[in-house]
Q: 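My questions all concern the structure below.
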Amino acid sequence: MGAKRLSAGRRTNLALLLLLALALASGGLAFAIGSRLVRWIVIAHGLAGLAILLLVPWKSAIAGRGLRRSRRGSWASIAFSVLVAVAILSGIGHATGILGSAGGVTAMQLHVGAALASIPLAVWHVAARRVRPRRTDLSRRVMLRTGVLLGGSALAYGALEGLVAVTSLPGGARRSTGSYERGSFRPGEMPVTQWLNDHVPEIDAESWELTVRSASGERAWSYQELAAFEDRVRATLDCTGGWYAEQDWDGVFLWRLLPGFDEARSLGIGSATGYGRRFPLADSANLLLATRVGGAPLSAGHGFPGRIVAPGGRGFWWVKWVDAVEVSVTPWWWQSPFPLT
Ligand SMILES: Nc1nc2c(c(=O)[nH]1)N[C@H]1C(S)=C(S)[C@@H](COP(=O)(O)O)O[C@H]1N2
Ligand SMILES: [Mo]
């Protein structure tokens, strides 16, 4: 085997490794970040995915040589490439709108599921088939090739967007996060979604209460008391599952329910189901505890008796069936970046 071919193969592997890391990191960030920055993160995510796709011909040659030597772990390598292929194709399917759902799962769920499943295999693959970077990997020629690859992926990105526009595929109507509109200002048509495995509880408003705890004590609010507030927020719920909806939410800004505090740093919001998120205390000015949407009480699925409206935060921040608010000294980021249940 020529040394040239070997080193070209090594560089292809190195490039793929970096692109995969970039794709995973930008995918995670795209879910974590609600600000305008998300548009650029989503674009970077798409470019990384397409660049991986462009390297497929080179990688196939390398993989073919590897498979002919039938080393241990060939099956894991094949499973790994299948998962990456599923992740990229379902990503393109979602972005263009060609693939809405397949077999009961949405394109976005398939995309995230395949990507997450590929992580342990990626770690194994990198450990078992080590690629060692060398100083010459930073040579001008390599930089030039990197530029050509990124340029190619930008061209592919543009071509795909052009195709979507010309053929008026649904993808043209997606938001900067990549989500599609579902039931805006028609709350009855908005999907009911859980992050992972939560279930919709039937809560009796008469016996339900919201407990607000802080260092200075505890206060319980009844549904009647909370429903009397008339704060209104127009906000967009953008689920990482790939849809969004804009609604008018009525309820009470959280700061109105809080006692005085000195040292506190965060607000722990707990759901009757055990689900919960922690927010920076300063967010209490914009966080709404909603009891109504579109002028009518919430449905059980959308969080009755009360749910959080977190403008600018992705759907998983919008805790439903809230029954506890805790003013705490714990910093808000002291939690898993994504809910675990
Ligand atoms: N208690 C609880 N609240 C939750 C969730 C959950 O699983 N449990 N899922 C979140 C997610 S991921 C989204 S997108 C929104 C969906 O709100 P909806 O069902 O009213 O559309 O609720 C959020 N609030
Ligand atoms: Mo979601």
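All figures in this text were calculated on a predicted structure; none of them were measured in a lab. One-based numbering, in listed order, for ligands and for the atoms of each.
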Q: Taking the basic N atoms (NZ, or NE/NH1/NH2) and the acidic carboxylate oxygens, is any pair closer than 4.0 Å for Lys320 and Asp198?
A: no
Q: Following the transitive rule for hydrophobic clusters with a side-chain heavy-atom cut-off under 4.5 Å over Ile, Leu, Val, Met, Phe, Trp and Tyr, establish whether Val38 and Trp243 coincide in one cluster.
A: no
Q: Could you tell me which atoms of ligand 1, counted from 1 in the order shown, lie closer than 4.0 angstrom to a heavy atom of Thr273?
A: 1 (N)
Q: Relative to Trp221, does Arg219 satisfy both conditions: NZ or CZ under 6.0 angstrom from the six-membered ring centre, and within 45 degrees of the ring's axis?
A: yes
Q: Test of understanding: given a 4.0 Å heavy-atom threshold, classify the contact between Leu237 and ligand 1 as side chain, backbone, both, or neither.
A: side chain
Q: Would you say Trp318's side chain and Gly313's backbone share a donor-acceptor pair under 3.5 angstrom?
A: yes
Q: Considering the heavy atoms of Pro191, write down every atom of ligand 1 situated less than 4.0 Å from one of them.
A: 18 (P), 19 (O), 21 (O)
Q: Could you pull out, from Arg314, Arg307, Gln194, the option with a heavy atom nearest to atom 22 (O) of ligand 1?
A: Arg307
Q: Is any side-chain N of the basic residue among Glu246 and Arg175 closer than 4.0 Å to the acidic one's carboxylate O?
A: no
Q: With atoms numbered from 1 as shown, which atoms in ligand 1 lie under 4.0 angstrom from a non-hydrogen atom of Phe316?
A: 10 (C), 11 (C), 12 (S)
Q: Quick check on contacts: which atoms of ligand 1 are under 4.0 angstrom from a heavy atom of Cys239?
A: 14 (S)
Q: Tell me the contacting part of Ser271 for ligand 1: side chain, backbone, both, or neither, using a 4.0 Å heavy-atom threshold, strictly below.
A: side chain
Q: Suppose the criterion is ring pair (Phe, Tyr, Trp, His ring centres under 6.0 Å): which pairs have a residue in residues 104-137, not counting sequence neighbours?
A: His45-His111, Phe80-His125
Q: Pick, from His302, Lys320, Arg277, the option with the minimum heavy-atom distance to atom 19 (O) of ligand 1.
A: Lys320
Q: Among all protein non-hydrogen atoms, which one is nearest to atom 8 (N) of ligand 1, and what is the separation to 0.1 Å?
A: Asp198 OD2, 2.7 Å
Q: Considering only NZ, NE, NH1 and NH2 on the basic side and carboxylate oxygens on the acidic side, decide whether Arg174 and Glu161 come within less than 4.0 Å.
A: yes
Q: Distance to 0.1 Å, residue and atom name: give those for the protein heavy atom nearest to atom 16 (C) of ligand 1.
A: Thr193 O, 3.5 Å
Q: Minimum distance, heavy atoms only, to atom 5 (C) of ligand 1: which one of Tyr244, Trp317, Tyr275, Trp243 is it?
A: Tyr275
Q: Identify the closest protein heavy atom to atom 24 (N) of ligand 1: which residue and atom is it, and at what distance?
A: Trp318 O, 3.0 Å
Q: Is there a path from Leu20 to Val131 through hydrophobic residues (I, L, V, M, F, W, Y) whose side chains come within less than 4.5 Å of each other?
A: no
Q: Does CH2 in Trp58 sit with more than 12 non-hydrogen atoms of other residues, nucleotides or ligands closer than 6.0 Å?
A: no
Q: Are the side chain of Gln247 and the backbone N or O of Val293 linked by a donor-acceptor pair below 3.5 Å?
A: no
Q: Check whether any heavy atom of Gly301 sits under 4.0 Å from an atom of ligand 1.
A: yes
Q: With atoms numbered from 1 as shown, which atoms in ligand 1 lie under 4.0 angstrom from a non-hydrogen atom of Trp321?
A: 1 (N), 2 (C), 8 (N)
Q: Do me a favour and list the nearest non-hydrogen protein atom to atom 7 (O) of ligand 1 with residue, atom name and distance?
A: Trp195 N, 2.8 Å
Q: Nearest to atom 11 (C) of ligand 1, what protein heavy atom do you find, and at what distance?
A: Gly315 O, 3.5 Å
